[in-house]
Amino acid sequence: PVLAGLNGSAVENFSCVIYNISLMNCTWRAGQDAPEDTQYFLYWKNSIYDNAMECELYIKDEHGRNTGCRFQNVTITPEKSYFLVNGSSKDSLIQFYDEYIQLYKIEILTPPLNVKANCTRQSLGCMITWKSPLTSHVENGKCFQYEIRVQDK
């Protein structure tokens with residue numbers, strides 16, 4: 001499809017991560033051919049049933065241009081979420097960027113809770129236990145896989 005607007009004016013390197021269970025950061029770079037006065041605006045929908053919401057807390061670069069957004073109270077749903085970044089400039093039309101993202105794929109999980117290691121001199125091994133990390137959407141602890149790296153005592 002042909003996008004309206006100046007070629008090379010849409011944002012680049014768009015990415016989002018979810019951390020601390022319900023916080024989400026999205027960042028992008030200004031299009032390499034975007035006029036200097038271009039300002040970008042991020043909208044997203046968590047599902048097709050939700051209304052689009054504009055970013056409430058933009059991250060700005062040294063020129064005051066929006067280059068990211070912070071969201072709070074994000075809920076991860078099974079559906080793909082829709083993200084749209086459009087732009088405006090007094091000089092020309094700016095191309096938009098959009099993407100569908102499954103939020104669970106971009107979540108950085110918190111570490112496991114209550115990690116304990118019990119090593120006794122009599123036995124040749126150690127018992128290591130932990131609880132599943134906190135998450136907003138995984139209800140079954142058996143869904144997690146863990147890797148243990150043992151270093152010298």
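Positions are given from 1, in the same order as the sequence printed here. All values below were derived from every heavy atom in this structure, side-chain atoms included, with hydrogens, water molecules and symmetry-related copies excluded.
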Practice item. Output the distance between atom CH2 (Trp44) and atom CD1 (Ile101), rounded to the nearest 0.5 Å. Key: 10.0 Å
Exercise for review: Output the distance between atom CD1 (Ile108) and atom CD1 (Ile21), rounded to the nearest 0.5 Å.
Suggested key: 13.0 Å
Point to revise | Worked check of side-chain contact (heavy atoms from CB on, under 4.5 Å) between Ser132 and Tyr146 | key: CA-CA 10 Å; Ser132 297; Tyr146 300 95; 3.5 Å; yes
Exercise for review: Please examine the side chains of Leu42 and Phe71, heavy atoms only from C-beta on, and report whether any two atoms are closer than 4.5 Å.
Suggested key: yes
Review point. Is Leu6 reachable from Leu93 through a run of I, L, V, M, F, W or Y residues, each pair having side-chain heavy atoms under 4.5 Å apart?
Key: no
Exercise for review: Look only at the side chain of Thr110 and the backbone of Pro133, and say whether a donor-acceptor pair between them is shorter than 3.5 Å.
Suggested key: no
Study note, to complete from the structure: What one should report as the nearest heavy-atom pair of Pro35 and Asp91 is CB-OD2, 3.9 Å
Exercise for review: Apply the test side-chain contact (heavy atoms from CB on, under 4.5 Å) to residues Ile94 and Ser88: give CA-CA distance (whole Å), side-chain angles for both, the deciding distance (0.1 Å), then the verdict.
Suggested key: CA-CA 6 Å; Ile94 304 302; Ser88 66; 5.5 Å; no
Exercise for review: May I ask you to decide if the ring planes of Tyr58 and Phe41 are parallel, tilted or perpendicular, using 30° and 60° as cut-offs?
Suggested key: perpendicular
Exercise for review: Nearest 0.5 Å please: distance from the CG atom of Asp61 over to the CZ atom of Arg29.
Suggested key: 12.0 Å
Check your understanding: In this structure, which one of Val74, Val17, Ile76 forms a side-chain contact (heavy atoms from CB on, under 4.5 Å) with Met24?
Key -> Val74
Review point. Between OG1 of Thr129 and CG of Asn114, what distance do you get to the nearest 0.5 Å?
Key: 8.0 Å
Check your understanding: So how far is it from Lys105 NZ to Cys16 SG, rounded to the nearest 0.5 Å?
Key -> 14.5 Å
Check your understanding: Would Trp130 and Ile148 count as a side-chain contact (heavy atoms from CB on, under 4.5 Å) if you check the C-alpha gap in whole Å, the side-chain angles of each, and the deciding distance to 0.1 Å?
Key -> CA-CA 11 Å; Trp130 61 85; Ile148 298 175; 3.5 Å; yes
Practice item. Without swapping roles, check the side chain of Trp28 against the backbone of Ala10 for a donor-acceptor pair under 3.5 Å. Key: no
Review point. What closest approach, in Å, do Lys90 and Asp37 show between heavy atoms, and which atom pair accounts for it?
Key: N-OD2, 2.9 Å
Exercise for review: Answer yes or no: is there a side-chain heavy-atom contact under 4.5 Å between Glu36 and His63?
Suggested key: no
Check your understanding: Is there a side-chain contact between Ile18 and Tyr104 (heavy atoms, below 4.5 Å)?
Key -> no
Review point. When rounded to the nearest 0.5 angstrom, what is the spacing between SG in Cys69 and CG in Asn25?
Key: 8.0 Å
**Study point:** Nearest heavy-atom neighbours spanning Gln95 and Ser9
**Key:** N-OG, 2.9 Å
Point to revise | Any side-chain heavy-atom pair of Arg70 and Leu23 under 4.5 Å | key: no
Check your understanding: Sub-3.5 Å donor-acceptor pair from the side chain of Gln39 to the main-chain atoms of Gly64, do we have one?
Key -> yes
Exercise for review: Search all heavy atoms of Thr75 against all heavy atoms of Asn46 and return the closest pair with its distance.
Suggested key: O-ND2, 2.8 Å
Point to revise | Nearest atoms (heavy-atom pairs only) where Tyr40 meets Gly87 | key: CD2-CA, 4.0 Å
Review point. Can you check whether Cys26 and Cys55 have SGs under 2.5 Å apart?
Key: no
Exercise for review: Locate the shortest heavy-atom distance separating Lys45 from Asp50; write the atom from each residue and the value.
Suggested key: CE-O, 3.2 Å
Point to revise | Transitive ILVMFWY side-chain link Phe14 to Ile59, under 4.5 Å | key: no
Practice item. Tell me whether Met53 is reachable from Leu57 by hopping between hydrophobic residues (I, L, V, M, F, W, Y) whose side-chain heavy atoms are closer than 4.5 Å. Key: no
Check your understanding: Any chance NZ of Lys60 has more than 12 other-residue heavy atoms, nucleotides or ligands included, within less than 6.0 Å?
Key -> yes
